[in-house]
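Quick notes on the structure that follows.
Counting starts at 1 for both ligands and their atoms, in listed order.
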Amino acid sequence: MAIRLGDIAPDFTADTTEGTISFHDWKAGAWAILFSHPKDFTPVCTTELGYTAKLGAEFAKRNVKVIGLSVDSVEDHDAWASDIEETQGTKVNFPMIGDPDRTVANLYDMIHPNADDTLTVRSVFVIGPDDKVKLTLTYPASTGRNFDEILRVIDSLQLTAEHSLATPVNWTPGDDVIIAPAVSDEEARERFGAFDAPKPYLRYTKAPS
Ligand code: BEZ
């Protein structure tokens, strides 16, 4: 069954390039990105994994743990890692799940048979400290994802989780943010000080630093 926003991310135990991991224990109250790629030793995937590794410090700053997956074996992931380092200039610094029997891929509905009946699509699940799914994305094999966008979404999700703030169209960090409708004007003044309200339902404020 499809995994929906707000669902508890299904737990699993799997072999990875960093040993056997039980997912919920591994994430241990942090944010997590669980993402699949279609296949090892393929060009688009090589660039995605290299770039994700380059963002390691940005994810750590935000308390986000990253874990990748494909239906290849851990041995293949290990062999491929040296190509990623050689061509992308970065060591893979997060675990990659080996899922040749597709246990996790099926649990997370990462195989879309009308696209490809054996390989995973490019799925992304952002999971909060409460183990609930906060974001899902699905890209086809031929389109590399924008991991800067995934980082931007995490910044927005964390503003919501910590401050009841939302983010407007095309928001990037540093731009004004939106006070969530559930927050009254009185509470908004207490929490954020002055705010600009061109409409009663459209209230902008500065993002907390
Ligand atoms: C790639 O990563 O380049 C790729 C993988 C599977 C199908 C098509 C492209």
Checklist entry - Under 30°, 30 to 60°, or over 60°: which ring-plane class applies to F23 and W26, parallel, tilted or perpendicular? => result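 If you compare the ring of F23 with that of W26, the planes turn out parallel.
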
Checklist entry - Do NZ/NE/NH1/NH2 and the carboxylate oxygens of R203 and D196 come within less than 4.0 Å? => result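 Not counted as a salt bridge, because no side-chain N and carboxylate O are separated by less than 4.0 Å.
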
Item to check | Carboxylate-amine/guanidinium contact D131 K27, below 4.0 Å | outcome: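 Yes, D131 and K27 are salt-bridged.
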
Checklist entry - Would F147 and Y51 count as a ring-ring contact (aromatic ring centres under 6.0 Å, His included) if you check the C-alpha gap in whole Å, the side-chain angles of each, and the deciding distance to 0.1 Å? => result CA-CA 8 Å; F147 280 80; Y51 194 78; 7.4 Å; no

Item to check | Partner of W80 under side chain to side chain donor-acceptor pair (under 3.5 Å), chosen from T17, T46, D40 | outcome: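 Single pass found, and it is T46.
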
When you check ligand 1 against the protein, what N or O pairs turn up below 3.5 Å? List the atom names and distances, or just say none.
{"from": "ligand 1", "atom 1": "2 (O)", "to": "T42", "atom 2": "OG1", "distance (Å)": "2.9"}
{"from": "ligand 1", "atom 1": "2 (O)", "to": "V44", "atom 2": "N", "distance (Å)": "3.2"}
{"from": "ligand 1", "atom 1": "2 (O)", "to": "C45", "atom 2": "N", "distance (Å)": "2.8"}
{"from": "ligand 1", "atom 1": "2 (O)", "to": "R122", "atom 2": "NH2", "distance (Å)": "3.0"}
{"from": "ligand 1", "atom 1": "3 (O)", "to": "P43", "atom 2": "N", "distance (Å)": "3.3"}
{"from": "ligand 1", "atom 1": "3 (O)", "to": "V44", "atom 2": "N", "distance (Å)": "2.7"}

Checklist entry - Would a line drawn from the ring center of F125 to the ring center of Y108 be shorter than 6.0 Å? => result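 Between F125 and Y108, the centre distance is under 6.0 Å.
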
